[in-house]
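In this text the structure is predicted, and so the values were computed from the model without any measurement.
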Amino acid sequence: GENVEQHPSTLSVQEGDSAVIKCTYSDSASNYFPWYKQELGKGPQLIIDIRSNVGEKKDQRIAVTLNKTAKHFSLHITETQPEDSAVYFCAASPGSGTYKYIFGTGTRLKVLA
Amino acid sequence: KAGVTQTPRYLIKTRGQQVTLSCSPISGHRSVSWYQQTPGQGLQFLFEYFSETQRNKGNFPGRFSGRQFSNSRSEMNVSTLELGDSALYLCASSLKVDTQYFGPGTRLTVL
């Protein structure tokens with residue numbers, strides 16, 4: 001069935017360093033890939049997304065890359081700050097009228113000051 | 001613009017009871033989806049409604065049901081609660097194709 005694998009499950013980095021989270025999806029029909037940040041006691045917050053016709057997208061310190069051939073996509077956070085500490089989820093969706101996201105298992109990011 | 005709101009934020013029920021959770025989408029959004037989040041299973045899709053019609057359904061038993069009203073507000077109902085139903089229930093709304101915005105969730109504890 002449809003599956004999204006996410007690695008690593010936990011990640012600790014020093015403030016100012018970069019963090020990379022990787023996801024692999026199984027459904028070749030997936031064409032929309034959002035990333036969410038979830039802080040304690042809150043719902044997931046969309047931080048960046050990418051569609052299958054784009055290989056890379058950047059928004060300030062956050063970037064996402066997509067390799068459709070390998071079915072891989074990654075989140076890159078540069079110049080990490082303590083407020084980046086949270087759980088990050090990747091997701092894949094076939095798009096085109098369906099909102100059924102398949103989520104990864106999450107990465108707990110800790111930025112050490 | 002106000003975000004997705006969910007009520008109540010916290011609920012405690014006992015096994016065998018039923019529960020109804022409410023979600024108000026972002027103004028103008030017509031699609032509402034529901035997800036269950038647990039430490040063991042992560043985020044799992046329950047169902048999605050658009051213009052009062054269920055368009056997609058996840059792999060959950062029939063005890064889980066939902067509906068959407070003409071003003072796009074949605075409710076989900078869980079009957080005959082089990083201990084394993086304890087979870088954070090998240091609602092998300094959408095305007096454009098694909099992008100979903102989540103509410104803060106309802107934390108359900110079943111004793």
Side-chain angles (χ1 to χ4, degrees), chain A residues 1-10 21 23-27 29-54 57 59 64 66 73 86-108, chain B residues 2-7 9-10 21 23-26 29-51 53-60 66 68 72 74 87-108:
Chain A
E2 303 152 334
N3 184 48
V4 174
E5 293 187 0
Q6 183 172 346
H7 298 282
S9 57
T10 60
I21 303 170
C23 289
T24 303
Y25 60 97
S26 62
D27 186 358
S30 298
N31 62 12
Y32 176 67
F33 308 92
W35 284 88
Y36 286 86
K37 173 184 180 182
Q38 188 174 26
E39 297 175 282
L40 198 61
K42 298 183 179 181
Q45 176 191 5
L46 179 70
I47 57 172
I48 196 166
D49 56 11
I50 191 167
R51 299 182 192 281
S52 58
N53 57 349
V54 175
K57 183 177 178 180
D59 182 4
V64 57
L66 171 65
F73 59 113
V87 180
Y88 291 81
F89 292 95
C90 63
S93 169
S96 300
T98 176
Y99 297 94
K100 182 180 177 181
Y101 286 4
I102 306 299
F103 278 91
T105 49
T107 296
R108 183 173 299 278
Chain B
V4 177
T5 57
Q6 294 187 244
T7 56
R9 293 293 312 278
Y10 303 92
L21 312 182
C23 171
S24 292
I26 293 171
H29 288 197
R30 295 169 64 190
S31 171
V32 173
S33 298
W34 289 88
Y35 291 81
Q36 181 195 65
Q37 185 175 27
T38 60
Q41 300 297 318
L43 279 151
Q44 292 188 291
F45 174 79
L46 280 156
F47 27 66
E48 184 238 340
Y49 288 87
F50 181 84
S51 292
T53 301
Q54 186 181 88
R55 292 202 298 190
N56 288 288
K57 190 177 191 308
N59 297 324
F60 279 81
Q68 186 181 33
S72 295
S74 177
L88 180 67
Y89 289 89
L90 292 159
C91 167
S93 76
S94 305
L95 173 61
K96 297 180 180 180
V97 175
D98 300 335
T99 307
Q100 297 188 54
Y101 299 92
F102 283 84
T106 294
R107 171 75 61 185
L108 172 65

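Ranking B:Gly42, B:Cys91, B:Ala92, B:Pro104 against chain A, the residue ahead of the rest is B:Pro104, based on heavy-atom pairs under 4.5 Å. For the set B:Arg9, B:Arg107, B:Gln44, B:Gln37, the entry with the most heavy-atom pairs within less than 4.5 Å of chain A is B:Gln37.
Heavy atoms closer than 4.5 Å to chain A are found in the side chain of B:Leu90, but not in its backbone. There is no contact between B:Leu46 and chain A, counting heavy-atom distances below 4.5 Å. At a 4.5 Å heavy-atom cutoff, the contact between A:Pro44 and chain B is made by backbone and side-chain atoms alike. With a 4.5 angstrom heavy-atom cutoff, A:Gln45 does not touch chain B via any of its atoms.
Within a 6.0 Å radius of NZ in B:Lys57, more than 12 heavy atoms belonging to other residues, nucleotides or ligands are found. Few gaps surround CG on A:Asn53; more than 12 heavy atoms of other groups in view lie less than 6.0 Å from it.
Note that OG1 of B:Thr99 is 6.5 Å distant from CG of A:Leu46, once rounded to the nearest 0.5 Å. Remark: A:Tyr36 OH to B:Gln100 CD distance equals 5.5 Å, nearest 0.5 Å.
Side-chain atoms of A:Tyr101 never come within 3.5 Å of backbone atoms of B:Tyr35 as a donor-acceptor pair (strictly under, hydrogens ignored).
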